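What follows is one structure encoded as C-alpha cells, with my remarks underneath.
Proteins get letters first, then strands, A, B, ... in listed order; numbering begins at 1 in each. Here the structure is a predicted model, which is why all the values come from computation and not from measurement.
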Amino acid sequence: MPELPEVETTRRGIEPHVKNHCVEAVEIYCKKLRYPIPQNLAAKLVGTSFVEVARRGKYLLLISSAGTLMIHLGMSGNLLLVDVGAAINKHDHLDISLENGLCLRYHDPRRFGMVLWVSTELWRHRLLKTLGPEPLPKLSVKQFSNRQAIDVKSAQHFTRDTFSAEYLYQKSRGRRISVKQFIMDSHIVVGVGNIYASEALFMAGIHPGRAAGRVAQARYQCLVEAIKKVLSDAVQSGGTTLRDFYHGKDRQPGYFQQKLNVYGRQNLPCSVCQHPIKLLRQGQRSSFYCSVCQH
DNA sequence: AATCGCGCCTGACGGC
DNA sequence: TGCCGTCAGGCGCGAT
C-alpha cells in the first residue's frame, strides 16, 4: 500500500535511470486499471524523453515535451526497472523501454492504480487541480530542477506552501467528519494515508474520532508537526534503501523500516503508557489509537 | 456544500 | 487438499 513516502521513494529511485533517456518502445499488456491505459501512448512517447520525474501528492508525473505520463500506484502498484526484454510476470501491465537498456515496468495486482496521459497544463487537470497542499512542500520544490519542464502556474500550484495549523483550522470549521477522515482527504492535504494518519494523530495526542471542527488551532499545530515528522522520517527510511533501486527488488516500503507506535498494534501495549492500543472502524477504515494518550 | 457509502480488484488467511 | 467468505485499502464518484 504505497503512501506518500513510498511514492517519493519510487520517484527518487527511477529518476536517474529514466530522466533524459529517450523512449524506444511502449507496450501495454492490460488496458483495464482504474481507467483504461491510453492506447496511443506509444505514439506520444516513442522518440521523446522525460525531462522531469515529479510528484504531486501520490501522483507520479513523468514530464516530456509532448505531455505528461501521470501514474498513480493505487493500493498495490509498483514501478520497477528491469532490463529491456526481461520476461513478463503476472500483473505486469505496461513497459516503457528506454535507450539505456532499461525498461520502466508498471506492475499492479489489484489494478486500483492509474496510468493517464495529460497533454494540457498540469494545474488544469481535473484530478490535480482540486488537490490540497503538499505536507512537505520542500520536496516539491526540489523536484523542479528543470524549470522549463513545467509551466509557471503548474509549478506554483505544486509548490505552494500553505500547509499550516491555521490552514487546517480554517478548513475544518463547521466540519463534523472525524479529524482522521479530514486529514486523509486529499482535497485538504495530500499524501496522508491510513497508516500515517493513525501515527500522526497518536503523536499529536488527538483522538481519531474527534470531529475535525472541534479541534483547537493549537492542537492543529501539533498535528501539522506530527504529519511532517512522520512523513519525512518515512521518506528518510525509504531513502536509506534507495542505493540499489534498479537491482534491489528487495527494497521495503518505508513503514517496514519505521517504528509504528499504533498502526496494526491493537491490544498491544502503548509505547508511552502501556495501556492496550484500541481499534476503531471509521468508514471502511481501521484506526488505531491509545485511549489514554489521545483525546 | 458536506457527507456517506459503493465499487474497483486480487491475494492472504482462517474455518471447515 | 480445496473451497468459500472476509478483509485489506486509495480514490473517484454518485446519491442524499
Would you mind reading off the distance between Y59(A) atom OH and dG12(C) atom C1', rounded to a whole angstrom? 8 Å

Indicate, with yes or no, if L280(A) and F182(A) share a hydrophobic cluster defined by side-chain heavy-atom contacts under 4.5 Å among Ile, Leu, Val, Met, Phe, Trp and Tyr. no

Where the side chain of H93(A) meets the backbone of D108(A), is there a donor-acceptor pair that is under 3.5 Å apart? yes

Would you say the side chain of R110(A) and the base of dA8(C) hold a donor-acceptor pair, judged only by whether the two atoms sit under 3.5 Å apart? yes

Measure the distance from CZ on R281(A) to P on dG9(C) and round it to the nearest whole Å. 8 Å

Please give, in whole Å, the distance from dC9(B) P to F112(A) CZ? 8 Å

Between K32(A) (NZ) and dC9(B) (P), how many Å, whole number? 6 Å

Please evaluate the base of dC9(B) for a donor-acceptor partner in the side chain of R34(A) within a cut-off of under 3.5 Å? no

Does this structure show an ion pair linking E225(A) with K228(A), if we count only N-O contacts that are shorter than 4.0 Å? no

For Q181(A) and dT3(B), what is the distance between atoms CD and C1' respectively, to the nearest whole Å? 9 Å

Could you give the CZ-to-P distance, from R285(A) to dG5(B), as a whole number of Å? 12 Å

Rounded distance in Å - CG (N89(A)) to P (dT10(B)): 17 Å

Closest-nucleotide mapping onto DNA chain B: is H91(A) or R173(A) further toward the 5' terminus? I mean the 5' end. R173(A)

